[in-house]
Asks: 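I am attaching a structure below and will ask some questions about it afterwards.
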Amino acid sequence: MATFIAGDLQGCLKPLKCVLKQANFNDQHDRLWLVGDIVNRGPRSLKALRFVYERRDHVQVVLGNHDLHLLAVAHGVRKPSKGDTIDEILKAKDCDTLLGWLIQQPLMYTQSQVTMVHAGIAPNWSLEQAQGYANEVQAMLRSSKAPLFFESMYGNEPDYFDESQTGVIRLRSITNVFTRMRFCTASGRLDLTSKGPSPSASELPNPLTQTPEPVDAWFNHPHQIPENHRIVFGHWAALEGRCAAPHALALDTGCVWGGSLTLYELEQDRFFRCPCKNGKPLV
Ligand SMILES: [Mn+2]
């Protein structure tokens, strides 16, 4: 049994099939992990979601911002955005089944020395803290109050998580870390406007002391992750898979934007890539 982890699909089903074939992925024996953003922007969101759902016993996903957006639109609390390609899911006969499964999925998944999240883990969080915060959001998503969460999920403020936060504000700042973070300060203040390669501002004030602190990619700050433990993440296509931090592995190589889809084989520490154009394989 091997474990394969794929970068952001965003509906790019053919490139996924392409890398799985390269890797000799075995549907029955191997495990497939997905770093989130299974759907949206790309060409085959419905087919990609069905593909993952049908293999759910062998698949582990974490939710990305686009997956949460799909759920928010499905709950009627948000209108589709320009460029969304989720309409075919909302109109599908099996929409309730697919989304009923999707909403049960976690924001963070750990197996032995590897943790998978969509965007990242705040540098000032321990793994245990992060898991607790992820569980809070997951419990809300699984409850009858999920629509309340979706209504308040959007927004860049507050741009940091603080233990004193409560209610939907707290859940929003936790969700922003797990699903949207790229740049932040060491104390966890987020720059949610820049998609890279550089942050919008070189410094941001510490939330408590207001002292300016350097902004950098979340994984470049001092962190609380144990030695030999790795965070596998997606979301950040502009990195093109480049992340020199030994405790972090970037898997979004921008398949939907004309880059490639990356599949990582965990036990063998090797990569498979499928170059793409408009979400379709070039090979
Ligand atoms: Mn994303």
Side-chain angles (χ1 to χ4, degrees), residues 5-13 15-16 33-45 48-49 52 59-74 78 80-86 89 99 102-103 105-109 115-122 130 133-134 137-138 141 149-150 153-156 159 171-184 190-197 199-200 217-219 231-243 248-264 276 279:
I5 316 176
D8 305 38
L9 284 190
Q10 302 206 245
C12 300
L13 181 59
L16 177 64
W33 296 10
L34 297 154
V35 296
D37 283 357
I38 298 168
V39 299
N40 211 6
R41 300 287 192 262
R44 287 182 179 78
S45 284
L49 187 54
V52 174
V59 165
Q60 180 63 55
V61 310
V62 289
L63 294 171
N65 51 311
H66 284 288
D67 308 312
L68 289 172
H69 176 66
L70 165 64
L71 291 166
V73 174
R78 190 81 179 181
S81 314
K82 198 169 165 245
D84 278 357
T85 57
I86 52 175
I89 299 173
L99 299 193
L102 190 65
I103 204 167
Q105 303 311 307
L107 292 186
M108 170 170 164
Y109 176 76
T115 292
M116 176 170 68
V117 290
H118 180 59
I121 289 179
Y133 303 147
V137 176
Q138 188 175 341
L141 288 173
F149 168 68
F150 290 128
M153 178 179 77
Y154 293 86
N156 292 350
D159 60 359
L171 298 181
R172 181 199 300 154
S173 53
I174 293 171
T175 305
N176 279 342
V177 170
F178 280 115
T179 67
R180 296 181 57 209
M181 175 175 66
R182 291 186 181 94
F183 294 106
C184 66
L190 308 177
D191 166 9
L192 288 169
T193 54
S194 173
K195 294 190 171 184
S200 320
W218 64 268
F219 47 78
I231 311 295
V232 180
F233 69 102
H235 183 62
W236 198 344
L239 289 177
E240 298 174 345
R242 288 188 300 261
C243 167
L249 179 65
L251 288 185
D252 183 7
T253 42
C255 178
V256 73
W257 311 116
S260 60
L261 184 69
T262 293
L263 185 72
Y264 175 66
C276 310

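Atoms within a ligand are numbered from 1 in the order they appear, just like the ligands themselves.
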Asks: Would you call Asp84 and Arg41 a salt bridge, using N to O less than 4.0 angstrom?
Replies: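 Yes, Asp84 and Arg41 are salt-bridged.
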Asks: Could you tell me if the ring centre of Phe178 sits under 6.0 Å from that of Tyr133?
Replies: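 Between Tyr133 and Phe178, which both carry aromatic rings, the centre distance is not below 6.0 Å.
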Asks: Is the Trp236 ring parallel, tilted or perpendicular to the Phe219 ring (thresholds 30°, 60°)?
Replies: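 If you compare the ring of Trp236 with that of Phe219, the planes turn out tilted.
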Asks: Would you say the Mn ion (ligand 1) has Asp37 as a near neighbour, meaning an N/O/S atom of that residue under 2.8 Å away?
Replies: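 It does: Asp37 brings an N, O or S atom closer than 2.8 Å to the Mn ion (ligand 1).
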Asks: Just checking: Asn65, one of its N/O/S atoms, less than 2.8 Å away from the Mn ion (ligand 1), yes or no?
Replies: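 It does: Asn65 brings an N, O or S atom closer than 2.8 Å to the Mn ion (ligand 1).
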Asks: If I take the Mn ion (ligand 1) as the centre, what angle separates the ND1 atom of His235 from the NE2 atom of His118? Nearest 10 degrees is fine.
Replies: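 Rounding to the nearest 10 degrees gives 90°.
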Asks: Taking the ring centre of each residue, are Tyr264 and Trp33 less than 6.0 Å apart?
Replies: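 For Tyr264 and Trp33, the ring centres are not under 6.0 Å apart.
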